[in-house]
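Here the structure is laid out as C-alpha cells; the discussion comes afterwards.
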Amino acid sequence: MKLKALVAALAVAAILPVTALADEATSSDKANGARTCQALKTSLGETAFKTTYGSNADKSNAFGKCVSAWTRAEHQNRDAAMTACKTEQPTATRSALNRCVQAKLKAERTAERAATVNAAKQCKAERTSLGATAFTAKYGTNANAFGKCVAKLAAAK
C-alpha cells in the first residue's frame with residue numbers, strides 16, 4: 001500500500017512542473033483571433049458566419065465561439081512557427097527570429113482563413129444540392145451541421 005502511494009506521489013510530482021510550465025495563449029493570440037473572426041464575418045456574411053460558428057438557438061454566441069477557436073489556432077500556429085524558425089535559423093538574433101515567426105504566422109493565418117471561406121462556400125452548395133434533411137443527416141443532427149461541415153472541409157485543406 002505504501003509503495004502504491006509513493007508511486008502515485010512521484011507521478012504527480014513529475015507531472016505538476018510540466019503542467020505549470022504549459023504555454024498559454026497570449027493577448028496577441030486573442031487579438032489575432034478576434035481580427036480573423038471579424039474578417040471572416042465580413043467575408044462570409046452575417047448569416048453564414050452565425051451558421052458556421054453559432055451553437056445556441058439564435059446563434060448569438062457565434063463571434064465568441066469563433067474567437068475561442070481561432071485563438072487556439074493562433075496559439076498553436078505561433079508555437080509551430082517559433083519551433084520552425086529556431087530550427088531554420090539557430091543563431092538568429094531575437095529580431096530576426098521575431099520577423100521569421102511573424103511571417104510564418106501571417107502566411108498560415110491567410111491560408112487557414114481562405115480554407116474556411118472556401119469550405120463555407122462548398123458547404124452552402126452541398127446543403128443546397130442535398131437538401132436540408134440529407135445535409136443534416138450527413139453532418140450531424142444538432143443545429144450546427146453547417147459548422148461541422150465547414151470544420152471538416154477546412155481541416156482537410
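- In this structure, K50 NZ and S60 OG are separated by 7.0 Å, a value rounded to the nearest 0.5 Å.
- L153 and F135 are assigned to two separate hydrophobic clusters, defined by single-linkage of ILVMFWY side chains at heavy-atom distances under 4.5 Å.
- Expressed to the nearest 0.5 Å, how far OG of S43 lies from CG of N118 amounts to 10.0 Å.
- Taking the side chain as every heavy atom from C-beta outward, Q122 and V150 never approach each other to under 4.5 Å.
- Two residues are said to be in side-chain contact when any heavy atoms from C-beta on lie closer than 4.5 Å; Y139 and N144 fail this criterion.
- The minimum heavy-atom distance linking A145 with G140 is given by the pair CB-O, 3.6 Å.
- Annotation: side chain of H75 is not in contact with side chain of T71 (no heavy-atom distance under 4.5 Å).
- In this structure, the side chain of S68 does not engage the main chain of G64 through any donor-acceptor pair within 3.5 Å.
- No side-chain N or O of N32 forms a donor-acceptor pair with one of T36 less than 3.5 Å apart.
- Residues A119 and A154 share a closest heavy-atom pair of CB-N, 3.7 Å.
- For the residue pair F146 and R127, the shortest heavy atom distance occurs at CD1-NH1, 3.6 Å.
- Atoms CZ and CD, on R113 and E108 in that order, are 12.0 Å from each other to the nearest 0.5 Å.
- For the salt bridge (Lys or Arg N to Asp or Glu O under 4.0 Å) condition, no pair includes a residue of residues 55-66, sequence neighbours left out.
- With hydrogens and angles disregarded, a donor-acceptor distance shorter than 3.5 Å links the side chain of T42 to the backbone of Q38.
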Please lay out, stage by stage, how K138 and L130 fare under the test side-chain contact (heavy atoms from CB on, under 4.5 Å). CA-CA 10 Å; K138 182 176 180 179; L130 289 177; 4.2 Å; yes

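- Note that NZ of K124 is 13.0 Å distant from OG of S129, once rounded to the nearest 0.5 Å.
- Evaluation of the salt bridge (Lys or Arg N to Asp or Glu O under 4.0 Å) test over residues 67-91, restricted to residues two or more places apart or in two chains, returns D23-R78, D29-R78, E74-R109, E88-K104.
- Of the possible donor and acceptor atoms, one in the side chain of N77 sits under 3.5 Å from a partner among the backbone N and O of A73.
- Shown here are the ring-ring contact (aromatic ring centres under 6.0 Å, His included) partners of F49, two or more places apart in sequence or in another chain: Y53.
- Shown here for V101 and C85, the closest heavy-atom pair between the two residues is N-SG, 3.4 Å.
- Follow the hydrophobic side-chain contacts under 4.5 Å out from W70 and you never reach L105; the two are in separate clusters.
- Atom CG of L44 is separated from atom OG1 of T116 by 8.0 Å, given to the nearest 0.5 angstrom.
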